[in-house]
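Take a look at the structure below.
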Amino acid sequence: MHYEILNIDLKNGIAVITINREKALNALNTATMSELQHFFSDAGLKIDGLKGVVLTGAGEKAFVAGADITEFSQLDADQGKAFAKRGQDVFFLIERFHRPVVAAVNGFALGGGCELAMACHLRVAGEKARFGQPEVNLGLIPGYGGTQRMIQYVGKGKALELLMTADMIGAAEALQLGLVNAVVPAGEEVAKAIEFLEKIATKAPVAVAKVIECVNAFFEPETDGFAKEIDAFGDCCATDDFREGAAAFVEKRKADFKGR
Ligand code: CO8
């Protein structure tokens, strides 16, 4: 698939994906969602030696200012449900991706943009980043998982406040609430995201993938997370990387993980 909107820069095993619709503040239109879906369900799975993915927005003003309002202003109930389901499915692909995905939030992360950042495994915010779920201003609620994931990061009370008031918060408050993992000066978001990925890439890749699966399992009502952890632990024990990690510890050297 040729991408019209996503710009993908693959260097040293890290894919930096820039959503490139600066004039619309990188709002998520149907084409952008299709390209994200394709990357996280197909192209991204085929990259040999992929360490992780950084998601960011073009320009200095916005990460993503939401779903593209011009595309959904006329939806009826059934179309609205289909729209929300499609968005949720794409964001689940990101949340369940086998390699870590870090959002480098370089400006407004509003509505679907805040939801996209929350679907990533980690979030780095620039000092000028602004987060918010302004859907109630439009007579809507978040449809891409925001009512569920916001609670996971900030707790029920603060989530209700942010979702009902549509207030925006800055990077410092987002850090204090646990919504982001780090705050950096504007312009350094991608570099910090890469730093996180480079550190994680020194660990055993299968183990990292199992961490993602097990943490996600906590939030899946149909999954017993403890049972999942037992299985995943057993799977890790069967890897060459476990032998290598244990041997490296005993021999007091750095482990050389192969991802199997
Ligand atoms: N969709 C489409 N276009 C947008 C969006 C958007 N979400 N946000 C900004 N733009 C466009 C503007 O229309 C404008 O275009 P133009 O230059 O052609 O007029 C351009 O980007 C620049 O924006 P502004 O001139 O408004 O820039 P300001 O600096 O004045 O304001 C803001 C920046 C505060 C970010 C402002 O643009 C804004 O409030 N944007 C909308 C934010 C918002 O409400 N986002 C939530 C959208 S709803 C959503 O995401 C729901 C997700 C789930 C969907 C489920 C569907 C069923």
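Order of appearance sets the numbers: ligands from 1, and atoms from 1 within every ligand. Here, residue 1 is the first one in the sequence, and each next residue gets the next number.
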Item to check | Sub-4.0 Å protein heavy atom next to atom 30 (O) of ligand 1 | outcome: no
Next on the checklist: Can you confirm if the aromatic rings of H121 and F97 lie within a centre distance of less than 6.0 Å?
Outcome noted: no
Item to check | T30 and E71 side chains, donor-acceptor separation under 3.5 Å | outcome: yes
Item to check | Charged N-O contact under 4.0 Å between R130 and E173 | outcome: no
Next on the checklist: Quick check: G112 and ligand 1, any N/O pair under 3.5 Å apart?
Outcome noted: yes
Next on the checklist: To check your reading of the model: name the closest protein heavy atom to atom 51 (C) of ligand 1, its residue, and the distance in Å.
Outcome noted: E135 OE2, 3.3 Å
Next on the checklist: Looking at K254 and D256, is any side-chain nitrogen of the basic one under 4.0 Å from a carboxylate oxygen of the acidic one?
Outcome noted: no
Checklist entry - Considering only heavy atoms, does A65 approach ligand 1 within less than 4.0 Å through its side chain, its backbone, both, or neither? => result both
Checklist entry - Does an N or O from L75, backbone or side chain, lie closer than 3.5 Å to an N or O of ligand 1? => result no
Checklist entry - Hey, is K23 one of the residues with a heavy atom under 4.0 angstrom from ligand 1? => result yes
Checklist entry - Where on L140 is there a heavy atom closer than 4.0 Å to ligand 1, on the side chain, on the backbone, on both, or on neither? => result neither
Item to check | Contact with ligand 1 for K61, non-hydrogen, under 4.0 angstrom | outcome: yes
Checklist entry - Does the pair R149/E115 count as a salt bridge with the N-to-O cut at 4.0 Å? => result no
Checklist entry - Heavy atom of G87 under 4.0 Å from ligand 1? => result no
Next on the checklist: Just to confirm my output: which protein heavy-atom neighbour is closest to atom 44 (O) of ligand 1, and how far is it?
Outcome noted: P134 CG, 3.5 Å
Next on the checklist: Quick check on E115 - does any of its heavy atoms sit under 4.0 Å from an atom of ligand 1?
Outcome noted: yes
Checklist entry - Quick check: does A67 get an N/O under 3.5 Å from an N/O on ligand 1? => result yes
